[in-house]
Amino acid sequence: MRIPFRDQELEIFPTKIVALAKNYKAHAQEMGGEVPAEPSFFLKPPSSLLSHGGTVILPQNSQRVDYEVELAVVMGQRAKNVSPENSLDFVLGYSLLIDVTARDLQAKAMKEKLPWTISKGFDTFAPFGPRLVPKEELDPFNCEIWLEVNGELKQRGNTCDLVFSVPELVSYISKIMTLEPMDIIATGTPSGVGPLQDGDLVAAGSPSIGVLEVKVKREG
Ligand code: MG
């Protein structure tokens with residue numbers, strides 16, 4: 001996908017999207033759990049990416065698909081075993097990602113102790129944008145993010161409430177899997193998640209990033 005960056009358009013082909021689970025205490029609680037002792041994450045396929053202005057397709061085999069607004073970190077350099085102290089040196093910039101989730105399929109997977117891949121992995125389940133902000137222009141320790149559905153505010157959070165901070169996440173993940181340039185880390189969602197319906201208009205925003213807008217349509 002192409003995304004505006006400085007005064008050009010950047011072609012982004014991440015090898016993976018790493019997404020954090022329960023990285024805000026209030027969201028962990030609304031999901032009926034506690035925050036994990038160590039970062040907990042899963043992968044979304046790059047094929048789930050959707051550009052600003054695109055349409056999220058609600059799959060026929062799910063009756064409950066949720067929005068989750070998240071600050072997204074985009075890597076600039078290959079990072080392997082980096083420390084939290086210098087992990088931000090490997091970051092290119094930031095954007096917004098909506099971690100669209102088939103909540104009913106996720107609940108079924110959790111009950112059967114199966115992975116979340118299906119519930120998180122449908123095409124269009126990762127709206128991303130509207131632009132990539134250079135890392136110097138955003139403070140990852142104090143970044144407000146919000147989400148509206150049809151003009152109604154549903155989520156408002158700040159990365160100052162992250163359980164594991166951006167430099168901690170980059171470091172932790174890099175000790176497990178090499179982070180490649182353009183790889184995306186979705187840092188987790190604040191509280192207020194809820195369902196999407198056919199015909200909804202979703203806007204996700206952050207003061208220094210802008211507003212990411214997508215439509216919602218039922219498959220078929
Ligand atoms: Mg999420």
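Atoms within a ligand are numbered from 1 in the order they appear, just like the ligands themselves. The chain is numbered in sequence order, starting from 1.
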**Close side-chain approach of Val214 to Leu50, heavy-atom, < 4.5 Å** = yes

**Fill in**
What lies under 2.8 Å from the Mg ion (ligand 1), restricted to protein N/O/S atoms, is Glu68 OE1, Glu70 OE2, Asp99 OD2

**Item:** Ion pair check, Lys44 and Glu68, cut-off under 4.0 Å
**Value:** no

**Message:** More than 12 heavy atoms of other residues, nucleotides or ligands under 6.0 Å from CZ of Arg218: yes or no?
**Reply:** yes

**Item:** Residue pairs involving residues 111-146 (criterion ring pair (Phe, Tyr, Trp, His ring centres under 6.0 Å); sequence neighbours excluded)
**Value:** Phe42-Trp116, Phe122-Phe125

**Item:** Charged N-O contact under 4.0 Å between Arg156 and Glu144
**Value:** yes

**Message:** Can you tell me how far apart CG (Leu96) and CD1 (Ile145) are? Round to the nearest 0.5 Å.
**Reply:** 7.0 Å

